[in-house]
Amino acid sequence: MTERIYNFSAGPAVLPEPVLEQAREDLWSLGDSGVGILEHSHRGGPFDAVIEAAEADCRSLAGVGDDHAVLFLQGGASTQFFMLPANLLPEGGTADYVNTGSWSKKAIKEAKLYGNVHVAGSSEDENFSYIPDLASLSCSDSPTYLHFTSNNTIFGTQFPSEPTPPAGAFLACDGSSDAFSRPIDLTRYGVYYAGAQKNLGPSGVTLVVIRRDLLERKERELPTMLRYATHAEQGSRYNTPPTFGIYLMGRVFRWIQDQGGLELLGKQNEEKAALLYDVLDESAFYEAAAKAGTRSLMNVTFRTPSPELDAQFVKESEAAGLSGLKGHRSVGGMRASIYNAFPRQGCQVLAEFMKDFAQRNG
Ligand SMILES: *Cc1c(COP(=O)(O)O)cnc(C)c1O
């Protein structure tokens, strides 16, 4: 079989190897059922067990109790950009957003289709290279919710902790690129959503954790499929759900438990990122694209002294078996995406490559 290389892709991204090995077996036959996971009915007993385990493991990892529903939906995080305001932002109501990058902007654009948007804080003035100070956020008088993007995949910044919404408002979060990468208290959130393909599984399934009392609100008529309540009432099986994605997300939750849970995984993620930030901080050659203090543990963005050297870095790293390091076009330079499943050894190899490259070209 072909050797696997170090995959720094921003998403879809690397998955845990034990999960892939298990999936390879379950593709052929899920347990001893004689039917592969892709071929099982979403209403049969074997899949009941799969979705129940995925939900139970999600709940136990993040301490989610009965006050919240756990949903497995389709359409990616991008569908949540409009599903959230469509369901929960009243006509004429206001939602507050923290604008920390491209994904926040897309979320804001969709919310404006349904109500007013107040930008409670922004880092656009410095090309989103930092997270605004949480104490300096200025919320509107009585917003329905306060939305933030916990990790900014493109720019490489991450909220150190969640902001606090004003009294009466609920907290909403796009956690796509740092979901379950460190301890999180989901009971503080009204709506938490994450496309799976960075930290939790394959593309095609989106995790939504929503406070149950919000399911009773009905701000406008919506197609059945677009209502959170539909999916909550039907256990994410109103129609055919993304069965394989749910299966794989469940395996990833189980793998996180095997790592010792979010506390230990969070420590591992800190150590992995430190291997790279230490090189950046000690080097006069590289420049970190994000400001210290709110740098991301998931997406490490950096530059060499010139675009020509950036291009050479990408080319040479690719040849050395380090794939996917080219930065997003809006930031330039390089981006190392080192999500939950990315191995520590890959960070060590990249750190050595960076030092060597700087020595040869500095
Ligand atoms: C990747 C990403 C998205 C887009 O997710 P889709 O599942 O492709 O819609 C949204 N928000 C963040 C923070 C992301 O990293």
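In listed order, ligands and their atoms are each counted from 1. This is a predicted model, so every value here is computed, not measured.
- Residues satisfying the side-chain hydrogen bond (donor to acceptor under 3.5 Å, both in side chains) criterion with Asn127, sequence neighbours excluded, are absent altogether.
- A donor-acceptor pair shorter than 3.5 Å can be found between the side chains of Gln158 and Asp178.
- Note on Met298: it does not cluster hydrophobically with Tyr130, by side-chain heavy-atom contacts below 4.5 Å among ILVMFWY residues.
- With sequence neighbours excluded, no residue forms a side-chain hydrogen bond (donor to acceptor under 3.5 Å, both in side chains) with Asp258.
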Expected list for residues 2-19: side-chain donor-acceptor pairs under 3.5 angstrom, two or more places apart:
| from | atom 1 | to | atom 2 | distance (Å) |
| --- | --- | --- | --- | --- |
| Arg4 | NE | Glu17 | OE2 | 3.0 |
| Tyr6 | OH | Gln345 | OE1 | 3.4 |
| Asn7 | OD1 | Ser9 | N | 3.0 |
| Ser9 | OG | Gly11 | N | 3.2 |
| Ser9 | OG | Pro12 | O | 2.7 |

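- Inspection of the Asn340 and Ser181 side chains reveals no N or O donor paired with an N or O acceptor under 3.5 Å.
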Could you give the N/O to N/O pairs under 3.5 Å linking ligand 1 and the protein, each with its distance?
| from | atom 1 | to | atom 2 | distance (Å) |
| --- | --- | --- | --- | --- |
| ligand 1 | 7 (O) | Ala77 | N | 3.1 |
| ligand 1 | 7 (O) | Gln197 | NE2 | 3.0 |
| ligand 1 | 8 (O) | Gln197 | NE2 | 3.3 |
| ligand 1 | 9 (O) | Ala77 | N | 3.2 |
| ligand 1 | 9 (O) | Ser78 | N | 2.9 |
| ligand 1 | 9 (O) | Ser78 | OG | 2.6 |
| ligand 1 | 11 (N) | Asp174 | OD2 | 2.6 |
| ligand 1 | 15 (O) | Thr153 | OG1 | 2.4 |
| ligand 1 | 15 (O) | Lys198 | NZ | 2.7 |

